[in-house]
Amino acid sequence: VIDFDKSPDLAVQTATAMQSLVNGRTALIALSGDENPELILNAMRAGCSEYLTKPLGAEQLSTSLQKLRARWLSSTIRSGNAAGRVLAFLSVRGGAGATTVAVHLGTFLARRHAQKVLIADLHPHLGHVAMLLGMDSRSYNFHELLRNVSRLDIALLSSYVVHHSSGVDVLLSPDMLGETDPISVEALGSAIRFLADVYNYVLIDCMSGLDDLNRTTIGCCNEVFLVSTPEVPALRDLARYVDRLVECCVPPEKLKVVINQHGSHRTVTVEQIEKAIRHPVSITLPINSAELTRAVETGEPISPEKRSEFASQIKNWASTLVPAKTAPTETKRRFGFWN
Amino acid sequence: VKECNLSWETPDIEGGGLCLITAGLDPEVADATRQVALQESFRFLTASPDYIPNLNAQLAQQLQGAEG
């Protein structure tokens, strides 16, 4: 914790010295009575991730330390030897399609590449993963597991996980509206670490926003996919998310932008989007409303064998995630004169 | 630290863990910070009443042994 009031210059030098000494393993908190944006910016540039104002309250500091602990737990996970990759999906606006994208990528990884995949629905209420997979969502859910994380082992996990016919395992969202006890970020961090040791891929369907749970998930994951549609309001929100996450020191290479429902009739091009959000677009997915509507209505995700641009794009995406030695396992079709 | 009449400790930080350092804080604020840190299970490493733009060798060694 560094006081930035007595000498802002020396405070910046102190922050810089600490950062360089321990290679970024320090979290710096600036303390000041001044809320001047320029001073805040200088503190951030010197590596401070928190800016607290005087008089320093115990509760204020306590909250900051809890956040730092969560971030530390996350970095411990990243630097650990967890076998699996954790991918987070976040819609920048309702209906942008993060759940649809996560469900399809998950089922393609399981079916086409025989990967051990878990999709966890982090929504506190009425998440849509179960619906898209045609599953009964009245069983135990992810939030209940998070409340019991101190007892988490393979046996307990098995009692919470629901298996889907595609091969993916699913941790569902609560199926009803109601008061729920808050989930601690420590519990979420521990659960993600455990799950990444069990599965090759853990796909987390996040709610919109950047609350503590989402920030913990983003801190823990290997890649975060921001899903947007190419309309101007959604792109405005996307730009804000990108800016905020970069401000929060999320490495740009970890931040992947997915433009869903992108089609040739759209007036906004990928280049224009990239210019507007100052970040590259990693994946574009086509408009495929009829096929996706049918998938949602029947609870049957689009199959990897389906010949459509959407299926083809998800297939390509899944292939980029899986190590080259893991060849796709698909049913070969025979084309010839005799059949 | 003695001049500021602060009670502080330099715990053994072998094996890592979360440590807290303050720099340039008024003594009473540093002491309040220490109490919150201990309450949140952070190890309170040191309270420097001055800025430390050039970290001394001892502190540098302690910091390098810490996890965060």
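Side-chain atoms are counted along with the backbone in the values below, which use heavy atoms only and exclude waters and symmetry mates. This one's a predicted model, so the numbers in the text were calculated from it and none came from an experiment. The sequence lines fix the lettering, A, B, ..., with proteins before strands; numbering per chain opens at 1.
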For Glu253(A), look at atom CD and say whether over 12 heavy atoms of other residues, nucleotides or ligands are found less than 6.0 Å away. yes
With chain B, which of Ala58(A), Ser7(A), Pro55(A) has the greatest number of heavy-atom pairs at distances under 4.5 Å? Ser7(A)
Under a 4.5 Å heavy-atom cut-off, does chain B meet the side chain of Leu10(A), its backbone, both or neither? both
Heavy-atom proximity to chain B below 4.5 Å, by part of Leu56(A): side chain
So which atom in Thr217(A) and which in Cys206(A) form the shortest heavy-atom distance, rounded to 0.1 Å? CG2-SG, 3.9 Å
Donor on one side chain, acceptor on other, His143(A) and Asn141(A), under 3.5 Å: no
Please look at Asp50(B) and chain A and tell me whether the side chain, the backbone, both or neither of the residue comes under 4.5 angstrom of a heavy atom of that chain. neither
side-chain contact (heavy atoms from CB on, under 4.5 Å) assessment of Leu226(A) paired with Leu245(A): CA-CA 11 Å; Leu226(A) 290 176; Leu245(A) 289 172; 4.0 Å; yes
